[in-house]
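Heads up, the thing below is written out as C-alpha cells.
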Amino acid sequence: YQRRVHGTVFNRIIEVTTKMSEEIAKQFVQYYYHLFDNKEERVKLAPLYQNSSMLSFEGENIQGQQAIMTKIMSLPFGSIKHEVKTIDTQSSGGNTIFVFVSGDLKIDGTGTALKYSQVFHLVPTDNSGKNFFVHNDMLR
Amino acid sequence: MGDPFQLATAFVKHYYSSFDNCQRKEDRMQLGSLYKDQSVLQFEGQNFQGPQKIAEKLATLNFDKVNHNVKTVDVQPSGISNGIVVMVNGELKVDDSPNPIKFSQVFHLMNGTDGNYFVLNDFFRLNY
C-alpha cells in the first residue's frame, strides 16, 4: 500500500497515532508480564490468544490458543520475573502494532538473569482501537 | 505464496551478506533498495522512515566493516497480506574488534507490487 504525505495535518495525525501505539504497547507489556509473572494469574493470558495465534518459544513453534496456553502453563519454573529494559513500537498495516521487548528474566529467585528478546504482533479485535489480541509471539 | 520459512531464510542471508560485503560505510547506501517509502527502521530506539533516511542511518554507523553471525532465525506469517515476521538473534563484530556483541533484529517483510519482498518494519537492538 502507498502512504502519501499531505503536510502538517497528516504529520500531526501520525504523531498522535504513534503516541497512541506506544501507549498501547506499554500498557500491553505491563499487563502481559504482570499476568505471566504471577503463578495464579498466568492462566488469564488465554484471552490474549486466539486460534490464529502463533508462538515461537525458543524455536519451538506452537499454534492456537489452546496449545499456546498448554505450553505457557507447563513451563518448568516456580517463580519468574520479567524485567523490561526496552520497548520498541511500530504500527503496521490493518491498524496492527508490533512491540519488540528486550530485558532480563529472573527465574526461581536466582541471582543470575537471562537476557531475552520478545516480539508481539498485536491485532485489533474490534474497531475501538483499544482491544487487541496477540497474533504473533516470538521469544528467545 | 512460497514457504515463509524459506523466503525469510533467503532474505536474511541476502540482507546480512549485502551488509557485510560493504567495504566502506558509503557502500551501505545500497541497502536502501530493500525498503520503501512507508518502511520504518527503529535502530536502538531511534526512528527512521523511507529508503533514503534508513540508508543514510546505516551508511553513517561508526564502522567500516561489520560481520553479522546469525545464530537463530524464527519465522511466522504476520497475517497482513503475505507478510512475514522474522526474528533474528546473533552476534556482530565491527572493524578489527575481537569482541562480538549480541544483537536482536526483527523484520516484517511485505511483498511489494513488483512481487519482491521488502522490509516494512525493522527493529534493531544490541544486547549487552
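In this text, all values refer to a predicted model and were calculated from it rather than measured experimentally. In what follows, chains carry the letters A, B, and so on, assigned in the order in which the sequence lines appear, proteins first and then strands, with residues in each chain numbered from 1.
In this structure, B:F5 is not a member of the same hydrophobic cluster as B:V85, with clusters built from ILVMFWY side-chain heavy atoms closer than 4.5 Å. Note: the hydrophobic cluster containing A:V119 does not contain A:Y116 (ILVMFWY, side chain heavy atoms under 4.5 Å, direct or indirect links). B:V106 and A:I97 fall into different hydrophobic clusters, defined by Ile, Leu, Val, Met, Phe, Trp and Tyr side-chain heavy atoms under 4.5 Å apart, directly or through other members. Hydrophobic clustering keeps B:I84 apart from A:F100 (ILVMFWY residues linked when any side-chain heavy atoms are closer than 4.5 Å, directly or through intermediates). Neither B:Y16 nor B:F123 shares a network with the other; the hydrophobic side chains, linked directly or stepwise wherever heavy atoms of I, L, V, M, F, W or Y lie under 4.5 Å apart, form separate groups for each.
Proximity to chain A is limited to the backbone of B:Y128, based on heavy atoms less than 4.5 angstrom apart. With a 4.5 Å cut-off on non-hydrogen atoms, B:L126 does not touch chain A at all. Within the 4.5 angstrom heavy-atom criterion, no atom of A:D104 approaches chain B. Only the side chain of B:N89 comes within contact range of chain A, with at least one heavy atom under 4.5 Å from a heavy atom of that chain. When heavy atoms are compared at a cutoff of 4.5 Å, A:S102 approaches chain B solely by way of its side chain, counted from C-beta outward. Both the backbone and the side chain of A:S56 come within contact range of chain B, judged by heavy atoms closer than 4.5 Å. Heavy atoms closer than 4.5 Å to chain B are found nowhere in A:E60, neither backbone nor side chain. Using a 4.5 Å cut-off between heavy atoms, B:D122 contacts chain A through its backbone alone, with no side-chain atom that close.
Within a 6.0 Å sphere centred on NZ of B:K57, heavy atoms belonging to other residues, nucleotides or ligands number more than 12. Other residues, nucleotides and ligands place more than 12 heavy atoms under 6.0 Å from the CG atom of B:D95. Within a 6.0 Å sphere centred on NZ of A:K106, other residues, nucleotides and ligands contribute 12 heavy atoms or fewer. The neighbour count for B:N62 CG, taken as heavy atoms of other residues, nucleotides or ligands under 6.0 Å away, does not exceed 12. Atom CG of B:D20 has more than 12 neighbouring heavy atoms from other residues, nucleotides or ligands inside a 6.0 Å radius. More than 12 heavy-atom neighbours from other residues, nucleotides or ligands sit within 6.0 angstrom of NZ on A:K71. Heavy atoms of other residues, nucleotides or ligands lying less than 6.0 angstrom from CG of A:D126 number more than 12.
In terms of modelled atom types and a separation under 3.5 Å, the side chain of A:H121 and the main chain of B:S78 share a donor-acceptor contact.
Scanning residues 25-53 of chain A against chain B with a 4.5 Å heavy-atom cutoff picks out nothing at all. Inspection of non-hydrogen atoms places A:H135, A:N136 of residues 128-136 of chain A under 4.5 Å from chain B.
Scanning both residues, B:P77 and A:M54, for their nearest heavy atoms gives O-CE, 3.3 Å. Residues A:M138 and B:M87 share a closest heavy-atom pair of O-CE, 3.6 Å.
Ranking B:V73, B:T72, B:N127, B:N47 against chain A, the residue ahead of the rest is B:T72, based on heavy-atom pairs under 4.5 Å.
Expressed to the nearest 0.5 Å, how far OG of A:S117 lies from CZ of B:R125 amounts to 10.0 Å. Between the NE2 atom of B:H108 and the OG atom of A:S92 there is a distance of 4.5 Å, given to the nearest 0.5 Å. Distance check, rounded to the nearest 0.5 Å: NZ of A:K115 to OG of B:S104 gives 11.0 Å. Residue A:Q90 holds its CD atom at 4.5 Å from CD of B:Q42, rounded to the nearest 0.5 Å. Taking CZ from A:F98 and CZ from B:F107, the interatomic distance works out to 13.0 Å, rounded to the nearest 0.5 Å. A distance of 8.5 Å separates CD of A:E58 from CG of B:D74, quoted to the nearest 0.5 Å.
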